[in-house]
Amino acid sequence: MNTDDIEAVYDHLAKSLDTVGVENHPVLLAKLALLLARDVGDVELVFSRIDEAKANIGR
Amino acid sequence: MRPTGRADTESLYFDYPHFEAPTDRGGLEARAPVAIVGAGPIGMTAALALARQGVPSVLFDAKSTFNDGSRAICVARQSYNIFESIGAIAPFLRKSLPWTKGRSFYRGQQILEFEMPDSGQEKFRPMYNIQQQYIEQYLWQAVASQSLIETRWQSEIINVADCDGGASLTIRDPMATYEMKADWVLAADGARSPVRKLRGLSLKGENYEGRYVIADIQMDHDYPTIRRALFDPDCRRGGTILIHKQPDNIWRIDYQLRDGEDEAAAISEDNVRASVAAVLQEIGHNGPWELEWWSIYSANTLALDDYRDGRIFFIGDSAHIVPIFGVRGLNNGLADAHNIAWKLARVIQGRAVESLLDSYSPERRGATLDVFANASKSARFMTPPTPGWQLMRDAALNLALSHPFAGQLANPRQMTPYTYAQSPIVAEDDPAFSGGPVPGASLPGAQMGRGFLMDQLGAGFTLLTFDPSLAKDFSSNDLTIVLLDMNSSAAEMLAAGPRTAYLIRPDLHIAARWFNAASGEVRRAYEISAGSVAP
Ligand SMILES: Cc1cc2nc3c(=O)[nH]c(=O)nc-3n(C[C@H](O)[C@H](O)[C@H](O)COP(=O)(O)OP(=O)(O)OC[C@H]3O[C@@H](n4cnc5c(N)ncnc54)[C@H](O)[C@@H]3O)c2cc1C
């Protein structure tokens, strides 16, 4: 995936979040995480991505 | 609890018997090899399992009848194997409702249908629904016709003290308070176990957040025996509901209270009626119904650190409390009773060293911890304890509406039998096998002629073998020998070769197995597992 692709995902996700309303953001993102995790198919990799996402939160 | 105007044991469909205290007062103080405190399902099963091994016991219960209410209703295959081996199975098969299927719904839409593993190789179905008072009644019928068991109703144990080579019990009944000594005591006196308290022991573990009301109602409702779980239904947003069919047109409705919902108010008759009516509307039942019985519970995972205290063994709820939606409370306790009975019998009969009894606690406590792990998983899904668990649960359910894989997270996986792994009397596995059940596992079923492999097993240890010369070597032993054919379902199930042997314990767990068995090693494993020598 190049920068353009990532940017497209970024845009699409932002717009999608706005269509479901702020109270539904967590559940949409959690569903997405489960779906993508299944596509990745590698538990260890998913775990380390979760840990990376956790880093710096609240900084 | 029962509706206003009905006594505790006034059921819509069950006549509670009344048992008198012992009228024949002679010999009440005579020493017994085993005293069993509590004639609930676990105490009665222990007495029957001991009798099956030829050991007499005295069984005490403080009450004058069975436990009130239908309580435990889901009985697993493993427990039916136990009922069969203690000679009590016939009425269970006539009355109970077998089932294999579960359906889960999220906001009214089905997101999962699961099927518990079953096959024609198994004599019994994975699960049966039957009210606990029938379970107690059928066990009682077997107990009452067993001359090795002396039952004393209305007889409360008020003290248990150690004495030389046993324990001294103080018993209070309507006529007198007296003492009796026993070489061994089985404490089957339930979740609030007075014996546990008298011994200064306590359960340890966790309490979960969710509180549930269980209500039994009688109605004509057309739905098969399928476990239904309703997540986040319209009638109870944010809550979970379980629905089970029982014999006699009785249905169990099990619903979760909301956070902050007042417990005392929630279990008032009016509120229970209103909550049940809302559930019935949700599932489309418009006909009449009657309220039979209700109760409230919260999910706990609590156990004793050690199931043995000197000459006393704790079995059933006295040793452990598990969340009931795992349907393991009763099933787990029955396996305790079956486990300790044959070991104690061998020790009492002088056929085993006392250290055989040391295997009881690790085996059965291990099984309980396994139940805890599963139950905690279910509890977290049914009643998410924190916002994180809540979000993931909601996301999984929501995703399951379109993606079945996510629905699998709602599968309660209730039927995984436990393998005794860390047991001093279970042998290491033989690496020559490729497949088949491992030592410590419970023997799976296999068809044999018109019956089942299980029908061939003895009351003691059984050697399953495919090798006639091995069978001959043990013919003079007290082992039951079952010579199997290589062209049998059993051979396939056991992943056997022509010289394979399996050693089966009286509780149907596998003690050891050899792909190419030699007499010497079989004999040694038998001595260790049966306790003729210390491990
Ligand atoms: C309201 C309720 C609902 C339940 N629902 C479910 C369910 O849906 N599914 C499930 O799997 N499990 C359920 N359970 C748990 C299940 O009922 C127990 O696991 C099962 O009854 C345990 O059997 P037990 O023989 O160990 O104890 P109990 O059935 O409690 O029996 C103990 C016996 O000991 C006697 N006793 C106590 N103290 C003394 C004394 N000092 N002297 C003499 N006798 C004494 C009592 O009178 C009683 O008969 C429920 C329990 C309750 C209370």
Side-chain angles (χ1 to χ4, degrees), chain A, chain B residues 104-114 209-210 229-234 236-241 256 258-260 373-374 376-413 416:
Chain A
M1 243 190 213
N2 59 30
T3 306
D4 287 349
D5 292 336
I6 287 291
E7 194 166 20
V9 169
Y10 177 97
D11 292 355
H12 188 66
L13 188 53
K15 287 179 199 154
S16 301
L17 285 166
D18 281 338
T19 60
V20 300
V22 71
E23 69 282 9
N24 293 318
H25 286 177
V27 89
L28 186 154
L29 293 171
K31 284 174 71 179
L32 179 63
L34 288 174
L35 282 167
L36 291 177
R38 189 150 161 276
D39 294 336
V40 169
D42 175 346
V43 175
E44 288 309 318
L45 180 59
V46 173
F47 279 7
S48 71
R49 293 294 183 248
I50 293 172
D51 294 340
E52 287 162 38
K54 223 168 84 185
N56 299 325
I57 292 262
R59 276 263 292 268
Chain B
S104 297
F105 302 81
Y106 172 59
R107 300 198 166 169
Q109 184 181 326
Q110 186 171 317
I111 52 155
L112 169 75
E113 176 167 300
F114 69 85
E209 284 299 314
L230 316 183
F231 293 101
D232 209 11
D234 287 338
R236 196 157 271 276
R237 264 292 129 83
T240 305
I241 295 170
Q256 190 186 343
R258 280 173 273 266
D259 285 348
N374 276 310
S376 308
K377 240 186 246 172
S378 299
R380 283 196 304 255
F381 203 84
M382 307 253 305
T383 319
T386 63
W389 291 105
Q390 181 79 48
L391 172 61
M392 291 314 299
R393 201 286 298 258
D394 293 347
L397 287 171
N398 196 273
L399 186 57
L401 292 170
S402 52
H403 290 70
F405 84 88
Q408 283 302 331
L409 292 163
N411 188 333
R413 277 156 291 193
T416 15

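So you know, we letter chains A, B, ... as the sequences are listed, proteins then strands, and number each from 1. No hydrogens, no waters, no symmetry mates; every other heavy atom, side chains included, goes into these values.
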- Shortest non-hydrogen pair, B:L391 vs A:A30, comes out as CG-CB, 4.1 Å
- In short, A:K31 meets B:A395 closest at the heavy-atom pair CG-O, 3.5 Å
- Message: With side chain to side chain contact (heavy atoms under 4.5 Å, CB included) as the test, pick out the partner of A:V27 among B:L399, B:D394, B:L397.
- Response: B:D394
- Message: Using a 6.0 Å cut-off, check whether atom CZ of B:F405 has over 12 heavy atoms from anything other than its own residue.
- Response: yes
